[in-house]
Colleague: 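Provided herewith is a single structure, encoded as structure tokens, for subsequent inquiry.
Computation of the quantities below employed the complete heavy-atom set of this structure, encompassing side-chain atoms and omitting hydrogens, waters and symmetry-equivalent molecules. First the proteins, then the strands, lettered A, B, ... as listed; each starts at 1.
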Amino acid sequence: MSGAVSVTTETPKVAWFRDPRIRSLVFQAVTLLIVLLVGWYLVDNTIDNMRRQNIASGLGFLNDRAGFDIIQSLVPYTSDSSFGQAFVVGLLNTLLVAIIGIFFATLVGFVVGVARLSSNWLIAKMAAAYVETFRNIPLLLQIFFWYHAVLKPLPGPRDSISLLGVVYLNNRGLYLPSPEPFGGFYIVLGLFAAGIAATLWLLRRERKRQEATGERKPVLWTGLGLIFGVPVLAYFVIMLAVGNPLNFDVPALTGFNFTGGVTIIPELFSLVIALSVYTAAFIAENVRSGIQAVSHGQTEAAYALGFRPNLTMRLIIIPQALRVIIPPMTSQYLNLTKNSSLAVAIAYPDLVAVFMGTTLNQTGQAVEVVAITMGVYLLLSLGTAGLMNWYNARVALVER
Amino acid sequence: MKWINRAALAVAASGMIAAGAQAATLDNIKKEGVLKCGVSQGLPGFSNPDDKGKWTGIDVDFCRAMAAAILGDASKVKYVPLSAKVRFTALQSGEIDVLSRNTTWTFTRDTNLGINFVGVLYYDGQGFMVRKKLGVTSALKLSGAQVCTNTGTTTELNVADYFKSHNMQYKVVAFENSNEVVAAYDAGRCDVYTTDRSGLAAQRTKMKNPDEHMVLPEVISKEPLGPAVRQGDDQFANIARWTLNAMIIAEELGVTSKNADQMKSAKNPEIKRLLGTDGKYGSYIGLDNDWAYRIVKQVGNYAEVYDRNVKPIGLERGVNNLWNKGGILYAPPFR
């Protein structure tokens with residue numbers, strides 16, 4: 001193939017409507033126009049129809065008095081609060097269940113996933129049975145199961161199970177004493193945080209030193225002293241000087257139920273169990289596939305270098321497996337967050353129950369409420385995905 | 001530029017389709033040959049399916065009466081079970097033609113939701129149910145209690161107002177499905193179960209040991225339960241309103257499903273007007289003259305409907321009796 005083919009550098013003259021660049025621009029502009037037109041038409045039609053049917057519209061309702069109570073709220077809320085505040089309560093409850101759920105699902109999922117590859121026949125089979133059982137039963141059924149499994153065996157408030165007279169368990173929830181810190185206690189907390197920061201800094205310095213010189217001083221005892229020793233010392237100093245900086249509000253039975261302390265309602269408890277157990281089954285499979293994706297040669301090489309199985313897993317296999325595990329893990333986290341909307345079935349006051357349920361029904365403004373709820377879930381999902389992508393980029397293979 | 005024309009045509013066509021969807025409810029029902037009626041997910045006495053899927057109850061009988069009036073056959077009803085949460089959206093969006101689901105008539109619902117209530121089918125009030133062994137005899141002693149109820153109901157608001165105005169503490173546990181409320185209360189999740197007193201009586205029959213529970217004497221609200229239709233179709237609202245009135249008037253006049261045929265030749269002119277042997281009253285609401293006759297013949301008058309459905313769950317007529325028999329049931333004259 002030598003100079004037989006002559007290449008024309010000049011583009012041949014064509015009519016403008018045959019020019020691919022102009023044509024693609026025109027097509028894109030027209031598509032955009034159609035999308036906008038259809039969107040405008042849909043919005044306009046909705047507003048028009050709502051006006052014709054006398055259905056209220058707008059976001060003004062968010063400032064109106066809500067008038068209903070919510071059993072669990074992370075921020076101050078009463079029936080005098082507004083629908084907007086009820087929205088915040090619901091959103092925080094959703095976030096709470098999602099975060100706790102993701103934590104436990106990851107923990108259980110990792111353990112089960114690794115256990116499934118165990119050389120111990122019994123452990124491997126038990127892990128397999130766990131995965132196959134829990135990922136094949138519809139989540140809603142599992143939520144009902146755990147809810148009634150939690151409710152049924154527990155006694156009523158008057159026959160509560162008591163632990164040391166400070167913790168009580170009954171079918172209305174788990175009642176824990178809540179700490180009520182005074183001014184001095186924040187110094188202790190501050191020292192605790194400072195201790196963690198100092199230990200992290202020490203760890204980093206020693207790691208750098210090891211990379212540079214190969215030597216490393218252990219930081220365990222220094223770290224423990226910094227994190228726990230100093231704050232405990234400070235606590236006693238404050239107690240002797242000013243008085244006890246920390247009191248506990250212990251729950252007590254008054255009338256029908258316990259008051260005081262913190263309550264973990266059975267709805268939260270069973271929802272977290274159901275979501276974690278269900279999602280953990282999927283995460284376990286991700287973990288297993290991730291580990292199996294790491295070539296067996298890596299294990300053999302590690303053994304050849306004298307690593308024990310434990311260390312091989314921790315230092316060689318898992319870091320490489322994470323690259324495979326993280327992306328599908330993201331979708332499991334998103335699933336868990338979205339699945340938490342099934343909470344309404346067992347009266348856990350999440351966003352869907354409080355906002356898309358009660359608020360929608362009291363105001364009748366379905367379009368606005370549903371749109372806001374959809375937007376919130378979209379933001380939550382994008383946020384989770386963004387965080388996980390950032391983490392994925394960190395653990396991704398860096399080619400040198 | 002053929003494709004631009006085509007796109008413009010598509011946009012215009014979709015506009016016309018959407019505009020066409022606003023036709024009169026009555027014509028749609030006649031065309032489809034079935035009345036779509038929103039009912040509850042299961043409330044004995046009001047709307048409850050049996051094991052063969054056959055619906056019964058006073059709310060169901062109202063749907064049947066409308067089908068008898070409009071389509072000539074009380075069985076031509078499609079029942080759409082709705083949770084308290086979705087019932088108004090279902091009516092607004094046209095998924096159902098009429099909502100007959102033990103729904104309380106309130107100012108906001110009547111004005112702000114794009115729906116109109118057509119009357120009261122059952123006068124109710126909210127009450128509390130507790131376990132007898134709790135030893136409570138009055139709702140005023142419920143401070144500190146945990147209360148199970150439904151989301152998206154007036155109940156949820158009434159209970160908040162009641163406890164607040166009496167300066168009592170409480171915690172509300174709100175479920176979407178009323179069967180779950182009963183199950184949770186029965187499992188001991190709450191001290192109190194609150195809903196309309198008719199609902200309490202009905203749901204008690206579903207509990208493990210109905211005798212262990214009692215309804216407290218306090219009635220904390222007015223709950224006029226009635227059917228609702230979409231705003232903006234006055235003709236259809238009239239049909240719904242007068243279906244209800246016809247059932248009450250038939251009881252007043254002593255016309256029952258058994259004697260409806262003989263009554264056609266009765267001397268009383270109001271009976272003649274009701275049963276369509278005099279005048280052409282049916283044409284005023286877009287129906288034939290036999291519409292009310294069919295309601296009474298196929299479904300019965302208000303007393304028959306009440307005795308068939310609500311009495312078996314242990315609720316006497318009380319305020320739901322006719323105005324001239326000590327109740328407050330009162331229909332405008334049929335003339």
Side-chain angles (χ1 to χ4, degrees), chain A residues 27 30-31 33-34 37-38 41-42 45 49-50 52-56 66-72 78-80 144 147-148 151-152 154-157 170-173 254-259 263 265-267 344-347 349 352-354 356-366 370, chain B residues 3-4 7-8 10-11 14-15 18-19 21-22 83-89 92-93 108-109 111-115 134 136 141-146 148 151-154 156-157 159-161 163-164 169-177 180-181 183-184 187-192 230-232:
Chain A
F27 276 121
V30 169
T31 313
L33 191 74
I34 291 175
L37 270 178
V38 170
Y41 163 74
L42 285 176
N45 190 43
N49 276 330
M50 278 167 55
R52 202 177 314 158
Q53 292 189 22
N54 266 330
I55 301 174
F68 58 92
D69 285 289
I70 303 174
I71 187 166
Q72 177 193 298
T78 67
S79 58
D80 286 328
F144 280 133
Y147 187 49
H148 287 283
L151 272 194
K152 287 265 156 65
L154 288 174
N170 58 42
N171 58 14
R172 308 288 157 79
T254 52
F256 294 101
N257 289 296
F258 282 86
T259 48
T263 317
I265 55 174
E267 287 77 25
V344 66
I346 57 162
V352 170
V354 169
M356 224 167 87
T358 307
T359 302
L360 190 157
N361 219 267
Q362 305 302 357
T363 61
Q365 294 188 249
V370 173
Chain B
W3 47 271
I4 285 193
V11 172
S14 61
Q22 293 286 323
S83 72
K85 196 173 111 174
V86 302
R87 54 188 160 173
F88 301 120
T89 316
Q92 288 166 348
S93 63
T108 321
R109 288 175 175 176
T111 53
N112 210 25
L113 299 187
I115 66 174
L134 218 51
V136 174
K141 299 198 173 117
L142 288 177
S143 187
Q146 303 219 348
C148 277
T151 56
T153 55
T154 47
E156 219 179 342
L157 304 182
V159 77
D161 287 355
F163 277 84
K164 194 181 171 63
Q169 300 294 314
Y170 82 110
K171 286 261 191 289
V172 66
V173 187
F175 294 83
E176 187 180 354
N177 187 322
E180 272 306 308
V181 188
R189 175 66 184 88
C190 298
D191 304 297
V192 185
R230 267 185 301 282
Q231 274 182 22

Colleague: Is it the side chain or the backbone of B/A145 that comes within 4.5 Å of chain A heavy atoms, both, or neither?
Modeller: both

Colleague: Give me the atom names and distance for the closest heavy-atom approach of A/A347 to B/V173.
Modeller: CB-CG1, 3.6 Å

Colleague: Could you look at A/A366 and say if it's the side chain, the backbone, both or neither that has a heavy atom under 4.5 Å from chain B?
Modeller: side chain

Colleague: Against chain A, label B/Q169 side chain, backbone, both or neither, depending on which of its atoms sit under 4.5 Å from a heavy atom there.
Modeller: neither

Colleague: Under a 4.5 Å heavy-atom cut-off, does chain A meet the side chain of B/C148, its backbone, both or neither?
Modeller: neither

Colleague: Please classify the contact between A/D80 and chain B as side chain, backbone, both or neither, with a heavy-atom cut-off of under 4.5 Å.
Modeller: side chain

Colleague: For chain A, which candidate among B/L157, B/L113, B/T151 shows the most heavy-atom pairs at distances under 4.5 Å?
Modeller: B/L157

Colleague: Atom SG of B/C190 and atom CG of A/N257: how far apart are they, to the nearest 0.5 Å?
Modeller: 9.0 Å

Colleague: Go through the atoms of A/M356 and report whether side chain, backbone, both or neither lie under 4.5 Å from a heavy atom of chain B.
Modeller: backbone

Colleague: Let's go through B/D191 and A/R172 carefully: what are the C-alpha distance in whole Å and the side-chain angles of both, what is the deciding distance for side-chain contact (heavy atoms from CB on, under 4.5 Å) to 0.1 Å, and is it a yes or a no?
Modeller: CA-CA 10 Å; B/D191 304 297; A/R172 308 288 157 79; 2.8 Å; yes

Colleague: Sort A/T363 into side chain, backbone, both or neither according to what part of it lies under 4.5 angstrom from a heavy atom of chain B.
Modeller: backbone

Colleague: Please look at B/Y170 and chain A and tell me whether the side chain, the backbone, both or neither of the residue comes under 4.5 angstrom of a heavy atom of that chain.
Modeller: side chain

Colleague: Examine whether an atom of A/L33 lies under 4.5 Å from a heavy atom of chain B, and if so say whether it belongs to the side chain, the backbone or both; otherwise answer neither.
Modeller: neither

Colleague: Has the side chain of A/Q362 got a donor or acceptor atom that lies under 3.5 Å from a matching backbone atom of B/T153?
Modeller: yes

Colleague: What part of A/Y147 gets closer than 4.5 Å to chain B, counting heavy atoms only: side chain, backbone, both or neither?
Modeller: side chain

Colleague: Less than 4.5 Å apart, side chain to side chain, heavy atoms only: is that true for A/F256 and B/L134?
Modeller: yes

Colleague: Mind listing the closest non-hydrogen atom pair of B/Q92 and A/G364 along with its distance?
Modeller: NE2-O, 3.8 Å

Colleague: Is B/F88 close to chain A through its backbone or its side chain, or both, or neither, when contacts mean heavy atoms under 4.5 Å?
Modeller: side chain

Colleague: Is chain B contacted by the side chain of A/Q72, its backbone, both, or neither, given a heavy-atom distance below 4.5 Å?
Modeller: neither

Colleague: Is A/V370 close to chain B through its backbone or its side chain, or both, or neither, when contacts mean heavy atoms under 4.5 Å?
Modeller: neither

Colleague: Which region of B/N112, side chain (C-beta onward) or backbone (N, CA, C, O), has a non-hydrogen atom less than 4.5 Å from a non-hydrogen atom of chain A, or is it both or neither?
Modeller: both

Colleague: Nearest 0.5 Å, what's the CG-NZ distance between A/D69 and B/K164?
Modeller: 8.5 Å

Colleague: Identify which one of A/I346, A/N171, A/I265 satisfies the side-chain contact (heavy atoms from CB on, under 4.5 Å) criterion when paired with B/R189.
Modeller: A/I265

Colleague: Measuring heavy-atom distances to chain A, does B/E180 have an atom under 4.5 Å in its side chain, in its backbone, in both, or in neither?
Modeller: side chain

Colleague: Given heavy-atom pairs under 4.5 angstrom as the criterion, report whether the side chain, backbone, both or neither of B/V136 touches chain A.
Modeller: side chain

Colleague: Restricting to non-hydrogen atoms, name the atom on B/A160 and the atom on A/S79 that form the minimum distance, rounded to 0.1 Å.
Modeller: CB-CB, 4.2 Å

Colleague: Side chains of A/T358 and B/E156, heavy atoms from C-beta outward: is any pair under 4.5 Å?
Modeller: yes

Colleague: By a 4.5 Å heavy-atom criterion (distance strictly below it), what part of A/I71 contacts chain B: side chain, backbone, both, or neither?
Modeller: both

Colleague: Among B/G188, B/A184, B/A187, who wins on heavy-atom pairs under 4.5 Å with chain A?
Modeller: B/G188

Colleague: Is chain A contacted by the side chain of B/S143, its backbone, both, or neither, given a heavy-atom distance below 4.5 Å?
Modeller: backbone

